[in-house]
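These numbers come from the heavy atoms of this one structure, side chains and all, not from hydrogens, waters or symmetry mates. First listed ligand is number 1; within each ligand, the first listed atom is number 1. Computed from a prediction, not measured in an experiment: that's the story for all the values here.
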Amino acid sequence: MKEQLAKAEAAVAALRETRNDRWYPTFHIAAPAGWINDPNGLSFFKDRYQVYFQHHPYSTQWGPMHWGHVSSTDMVTWKREPIAFAPSIEADRDGVFSGSAVPSPDGETLYVYYTGHRWANGVNEDDGNDQVQCMATSTDGINFEKHGVVVEGPAELPHFRDPKVWQIGDTWYMVFGACSADNRGQVWLYTSTDMEDWEFDSILFEDPDPDAFMLECPDFFPLGDKWVLTYCPMGPKPAGYANRNGHNAGYVVGTWAPGEAFVQTKDYVLEDWGHNFYAPQTFEAPDGRRIQYGWMGSFEEPVASQASDGWSGQLTLPRELTLEEDGNLVARPIDEVKKLRNATEEFGNLSLGYGESLVLAEDSTAVEIELDLDLAATTADRVGLQVHKTSDGHHSYVYYDALAGRVGIDSRLSYAGAKGYRAAAVSGDKLRLRIFVDRGSIEVFANDGATALTSFSFPADGPRSIELCSENGIAAISGLRVHTLRTIWED
Ligand code: FRU
């Protein structure tokens, strides 16, 4: 694989020369240049957090998949590592697709499981895919040895990919997504006692939605006394506020134990209600926290940075997952993210009257805004933040809509990229918002992560202001702070 990796590094270095940084993330993980999608191989290995991701180093479009790599000791400051995988064996001829990583019990070897992808006709998906689960190992997380196929699927299945592996006692478990012979989206479960020989266990889950023909990137993990299955169904139709994106990610909750069936206790819900959240993956940190990264990107809309900026796609902030009593999955930025704050401006308590607005920043590239609203005392129809606002009037609008009882991101007046709005229901008398604005994106966490929305936002040239406004009534603000954030990159 050495030769393929050297070629890929040279390609990414050449593209890097063309990179325009106007929208390039400051505090989100992205490749130096080229395309990225799903987070892969999330793990803590040899005292470092390891984050890999689907990567096409040759252009800003999806193409034969490689794995990019970054690592960190604290999940705050990140080091760029060499590209970890390139297609180099027959089984992964057309792509080293998504997968996961687990350290061996002695902590000395990192085992990676990924999907080896081939187009059945050698060119495109028209005649289906040949997909198998492969294994590779590394003693440093940087240099990998491929060991080839560990799980072959029934040849007639068109989709069979994205292995996620975990260990319980002396047994390893692997789930991945499949499209059954009658076009149903399923999650398959395999087991192993030595990490190398894998046996079919069961079909763990079949999506009850008959439109869902494939469940991409399943992840299955315990939270409290429940098990959460996250996955990305391909095919479901838009339903009200849900499933508005070409690709959507969500979860179900249930009970499970080794050898038993998964018994679902909560119906499928979206995990993130923004425009750009897909293919999330979790891992367990050494302190037991369940941490998740998602991909902020899009397969169907042209991403504004693709045309001439030399890069496309980034990962979300790392989110700690917990489960509420009613089974709602809470995703809040991990505490370490606060270490990115390097200056804070306090606005305190204030009330904005009819049609009033307040400029919170004249020019901001990387900020976190904490906004607490007293909803009982708020009479405004909407309270909003115009972010990435430029002198020509373009901006993205992050708002609370009292009539709909929803928090939303509206991109209709954004300078570039997909238009439209997304909104998620919130409840209670108070609304706490944490809004992260990077150079080309917005992540909103409402009520300590009970609701999340993630969307691109590509501003026009010139200073980018942030303006708070109150529409048609009073906005009762009980807390307001703006933090500027530093970069995550080591150098
Ligand atoms: C999801 C996905 C995975 C696949 C990978 C290929 O975004 O389609 O199912 O392994 O991306 O890049």
Side-chain angles (χ1 to χ4, degrees), residues 8 30-31 34-42 51-69 83-87 91-101 112-119 124-125 128-136 149 151 153 157-165 174-179 185-188 207 212-220 229-236 245-250 271-272 275-282 292-301 303 306 312-316 454:
W35 161 278
I36 80 163
N37 53 293
D38 318 353
N40 291 156
L42 305 182
V51 169
Y52 305 84
F53 46 82
Q54 289 284 279
H55 183 27
H56 185 231
Y58 291 92
S59 81
T60 59
Q61 309 291 328
W62 188 87
M65 282 291 116
H66 295 55
W67 278 31
H69 181 203
I83 295 172
F85 290 106
D92 62 26
R93 186 188 66 207
D94 297 323
V96 181
F97 271 19
S98 281
S100 57
V112 158
Y113 300 91
Y114 70 88
T115 297
H117 166 75
R118 274 167 292 178
W119 304 118
N124 58 32
E125 202 167 22
N129 305 305
D130 288 337
Q131 298 182 331
V132 287
Q133 318 315 338
C134 299
M135 186 180 86
V149 181
V151 175
L157 297 195
H159 303 278
F160 196 74
R161 60 175 175 270
D162 307 337
K164 177 74 199 305
V165 171
M174 176 193 289
V175 282
F176 52 83
C179 170
Q186 299 178 334
V187 175
W188 288 36
D207 196 323
F213 64 87
M214 165 64 186
L215 309 185
E216 290 191 307
C217 300
D219 193 352
F220 191 49
L229 177 64
T230 60
Y231 58 92
C232 303
M234 298 172 79
N245 303 327
H247 285 74
N248 302 282
E271 223 208 294
D272 184 295
H275 296 78
N276 302 101
F277 180 85
Y278 199 64
Q281 184 179 101
T282 71
Q292 181 187 59
Y293 280 90
W295 168 49
M296 220 193 285
S298 174
F299 283 120
E300 47 286 309
E301 299 284 347
V303 176
Q306 275 175 313
S312 177
Q314 54 189 301
L315 302 188
T316 64
T454 303

Distance (rounded to the nearest 0.5 Å) between Asn40 CG and His66 NE2 =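 Atom-to-atom, Asn40:CG and His66:NE2 are 13.5 Å apart.
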Rounded distance [0.5 Å steps], CG in Asn37 versus CH2 in Trp295 =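 So the gap between those two atoms works out to 5.0 Å.
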Enumerated ligand 1 atoms positioned under 4.0 Å from heavy atoms of [X]:
| X | answer |
| --- | --- |
| Tyr278 | 1 (C), 7 (O) |
| Gln54 | 5 (C), 6 (C), 12 (O) |
| Met65 | 12 (O) |
| Ser98 | 5 (C), 10 (O) |
| Phe299 | 7 (O) |
| Asn37 | 5 (C), 6 (C), 7 (O), 11 (O), 12 (O) |
| Phe97 | 4 (C), 6 (C), 10 (O) |

Could you check if a side-chain atom of Thr115 sits within less than 4.5 angstrom of a side-chain atom of Gln133, using non-hydrogen atoms only?
->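 They are in side-chain contact.
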Do Asn129 and Arg161 come within less than 4.5 Å of each other through their side chains, counting heavy atoms only?
->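 A side-chain contact under 4.5 Å exists here.
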From CA spacing to verdict: side chain to side chain donor-acceptor pair (under 3.5 Å), Gln61, His56 = CA-CA 7 Å; Gln61 309 291 328; His56 185 231; over 6 Å; no
Nearest-contact summary for atom 8 (O) of ligand 1 - protein heavy atom, Å =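 Protein heavy atom with the smallest distance to atom 8 (O) of ligand 1: Glu216 OE2, 2.6 Å.
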Work out which heavy atom in Ser100 is nearest to a heavy atom in Pro163; give both atom names and the distance.
->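 In this case the closest contact between Ser100 and Pro163 is OG-O, 2.9 Å.
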Proximity winner for atom 4 (C) of ligand 1, if only heavy atoms of Asn40, Asn129, Asp162 are counted |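 Minimum heavy-atom distance to atom 4 (C) of ligand 1 goes to Asp162.
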Apply the ring-ring contact (aromatic ring centres under 6.0 Å, His included) test between Tyr114 and each candidate in Phe53, Phe97, Phe85; give the one that qualifies.
->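 Of all the options given, the one that passes is Phe85.
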Backbone of Gly41 reached by a side-chain donor or acceptor of Gln281 within 3.5 Å =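 It does hold such a pair.
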If you measure every N/O of Asp38 against every N/O of ligand 1, is any gap under 3.5 Å?
->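 Such a contact does occur with ligand 1.
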Between Arg161 and ligand 1, is there a nitrogen or oxygen pair with a distance under 3.5 Å?
->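 It does: an N or O of Arg161 is found under 3.5 Å from an N or O of ligand 1.
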